Participant: 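Pasting a structure below so you can have a look.
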Amino acid sequence: MPTLALAPIHNHLARSEYVMAYGSVGLPLTGTTAETALARVSLTPAQMGPNGVLTITAAWSYTNNANAKTPRVRFGAAGITPPAGGLITGQARTTQLFEQFINLIRNRNNLAKQVANSPTSIGMAVGVFAPVSLFTIDTSAACDLIFTGQLANAADTITLEGYEVELFYGT
Amino acid sequence: MTTLAPVHCKQLKTWTMIQASAVAVSVTGTLVETTLATIALPAVTLGPNGRFRLWHLWSFNNNANNKIFRVKFGASMIYQVGRSTQQSEQAFTIIRNRNNQAIQIGPPLVYDGIGTGGAAAIAYAIDTSLAQNITLTALLANVGDTVTLESYSLEVLYGA
């Protein structure tokens with residue numbers, strides 16, 4: 001779609017959220033116990049604005065057994081590799097088969113200050129026994145959001161089934 | 001919604017609202033599965049990597065009888081729960097095309113959109129290069145009960 005390059009400008013004017021990245025081909029991880037990036041979404045400098053918001057939806061599948069399988073979302077400087085980057089969400093799963101979560105990262109009237117849900121939450125919950133997360137990631141520079149998987153047993157599999165990353169530019 | 005909206009949303013990379021309603025529609029007095037809403041998804045609305053997100057809000061009377069509500073995409077079930085002593089439920093269901101207009105991945109049937117699911121993701125083979133319907137239905141075990149579809153909205157993201 002050749003018009004996509006103009007999308008952010010139009011969305012600024014329309015004050016609408018736009019889907020800056022998505023995927024659903026199914027990205028599996030197996031054979032390693034190292035935390036491994038499965039998908040990367042890059043933001044250009046100042047793309048969020050001082051009050052911008054990123055909304056991240058992700059669906060995961062897991063091998064169902066007693067071993068830990070951990071899906072994570074991290075946000076940090078361009079080119080980050082795990083375990084670098086602020087941890088937006090990341091809870092180990094064992095006997096679950098499927099999971100979907102939505103997380104929001106909000107710039108706090110400053111390109112280099114963010115607030116987000118606790119990484120122990122899936123983004124929405126009645127009560128979470130942990131504080132919110134505060135970050136100082138400089139979004140005036142290029143940044144990356146990465147989806148990672150990690151296995152406690154290399155024979156297991158964790159799969160990023162699909163994701164959407166939506167951006168609202170906030171002045 | 002003008003007929004141009006999907007085109008603009010495709011260019012803007014935004015979700016397009018295909019159809020929404022908050023007019024309550026109920027079923028009672030029958031044990032036959034009853035369609036409470038039908039949403040027409042035009043051919044090629046999703047694209048090979050597109051997805052739709054259906055929000056649906058239900059209410060029902062609180063007793064020991066089972067009340068089943070379902071969402072179907074084409075001929076395939078994509079959501080189904082049976083409730084008894086609860087009174088309402090809201091869910092969202094995302095179906096994602098998998099780099100092919102006729103291959104999808106979706107959540108387990110009994111899944112409200114957030115959190116862990118007790119079953120595996122489900123693969124579908126629904127040809128979205130053709131027009132398809134999304135239907136929301138309810139099925140009672142006792143004709144004295146009522147299930148109401150309180151509201152729904154279908155959003156689509158085109159994925160090239």
Side-chain angles (χ1 to χ4, degrees), chain A residues 1-28 55 57-64 69 71 89 91-103 121-126 157 159-168, chain B residues 4-17 44 46-55 78-79 90-124 126 128 155-160:
Chain A
M1 288 183 289
T3 54
L4 289 185
L6 292 175
I9 297 170
H10 288 300
N11 288 98
H12 289 190
L13 296 172
R15 299 192 63 163
S16 66
E17 208 168 37
Y18 85 102
V19 182
M20 61 180 302
Y22 54 84
S24 48
V25 294
L27 300 167
T55 303
T57 306
W60 301 81
S61 288
Y62 315 110
T63 306
N64 176 359
K69 281 80 61 176
T89 189
Q91 275 202 295
R93 301 303 184 196
T94 54
T95 57
Q96 294 82 7
L97 287 164
F98 177 85
E99 178 169 30
Q100 184 163 265
F101 47 68
I102 299 178
N103 297 102
S121 92
I122 55 170
M124 293 186 185
V126 175
T157 301
T159 302
L160 178 58
E161 298 283 2
Y163 65 91
E164 295 85 36
V165 178
E166 299 168 67
L167 172 63
F168 173 75
Chain B
L4 289 177
V7 177
H8 288 301
C9 291
K10 190 186 294 186
Q11 293 175 342
L12 291 171
K13 296 185 73 173
T14 58
W15 294 89
T16 305
M17 185 68 76
V44 201
L46 297 179
N49 285 290
R51 55 263 284 139
F52 71 73
R53 184 168 62 186
L54 177 70
W55 297 82
I78 58 172
Y79 175 85
Q90 181 160 260
F92 69 90
T93 305
I94 300 178
I95 301 292
R96 298 171 168 102
N97 272 359
R98 184 153 264 184
N99 205 30
N100 186 316
Q101 292 193 85
I103 297 177
Q104 295 84 28
I105 189 77
L109 291 182
V110 184
Y111 189 71
D112 279 349
I114 288 287
T116 55
I122 298 176
Y124 298 95
I126 300 161
T128 62
E155 301 164 282
V156 164
L157 176 71
Y158 181 85

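By convention in this document, chain letters (A, B, ...) are assigned in the order of the sequence lines, proteins followed by strands, and residues within each chain are numbered from 1. As the structure is a prediction and not an experimental result, all values here were calculated from the model. Side-chain atoms are counted along with the backbone in the values below, which use heavy atoms only and exclude waters and symmetry mates.
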Participant: Could you tell me which non-hydrogen atom of Trp15(B) sits nearest to which non-hydrogen atom of Val19(A), and how far apart they are?
Facilitator: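 Closest heavy-atom pair between Trp15(B) and Val19(A): NE1-CG2, 3.6 Å.
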Participant: Are any of the side-chain nitrogens in Arg96(B) or Glu164(A) under 4.0 Å away from the carboxylate oxygens of its partner?
Facilitator: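 Salt bridge flag = yes for Glu164(A) with Arg96(B).
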Participant: Would you mind checking which part of Gln91(A) comes under 4.5 Å of any heavy atom in chain B, side chain (CB onward), backbone (N, CA, C, O), both or neither?
Facilitator: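 Neither part.
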Participant: Which pairs would a plain distance check flag for residues 101-116 of chain B, meaning a side-chain donor or acceptor within less than 3.5 Å of a matching protein atom at least two apart in sequence or in another chain?
Facilitator:
| from | atom 1 | to | atom 2 | distance (Å) |
| --- | --- | --- | --- | --- |
| Gln104(B) | OE1 | Ile126(B) | N | 2.9 |
| Gln104(B) | NE2 | Asn97(B) | OD1 | 3.0 |
| Gln104(B) | NE2 | Gln101(B) | O | 3.4 |
| Gln104(B) | NE2 | Ile126(B) | O | 2.7 |
| Tyr111(B) | OH | Gln100(A) | N | 2.9 |
| Tyr111(B) | OH | Gln100(A) | O | 3.4 |
| Tyr111(B) | OH | Gly115(B) | N | 3.3 |
| Tyr111(B) | OH | Gly115(B) | O | 2.4 |
| Asp112(B) | OD1 | Tyr79(B) | OH | 2.9 |

Participant: Taking all heavy atoms of Ala160(B) and all of Tyr22(A), pick out the closest pair and write down the distance.
Facilitator: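 Reported closest heavy-atom pair: N-OH, 3.3 Å.
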Participant: Hey, what do you get for CD1 (Ile102(A)) to CZ (Phe92(B)), rounding to the nearest 0.5 Å?
Facilitator: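 Here the interatomic distance stands at 3.5 Å.
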Participant: Where along residues 47-55 of chain B does a heavy atom come under 4.5 Å of chain A, listed by residue number?
Facilitator: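 Checking residues 47-55 of chain B against chain A gives Asn49(B), Arg51(B), Arg53(B).
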Participant: With chain B as the partner, which of Ser61(A), Gly26(A), Ser24(A) has the greatest number of non-hydrogen pairs under 4.5 Å?
Facilitator: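 Of the options given, most contacts go to Ser24(A).
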Participant: I'd like to verify something: which residue of Asn100(B), Asn99(B), Leu157(B) has the highest number of heavy-atom pairs under 4.5 Å with chain A?
Facilitator: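 Maximum pair count with chain A is reached by Leu157(B).
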Participant: Keeping the roles fixed (side chain from Arg98(B), backbone from Gly162(A)), state whether a donor-acceptor pair exists under 3.5 Å.
Facilitator: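 Answer holds: no.
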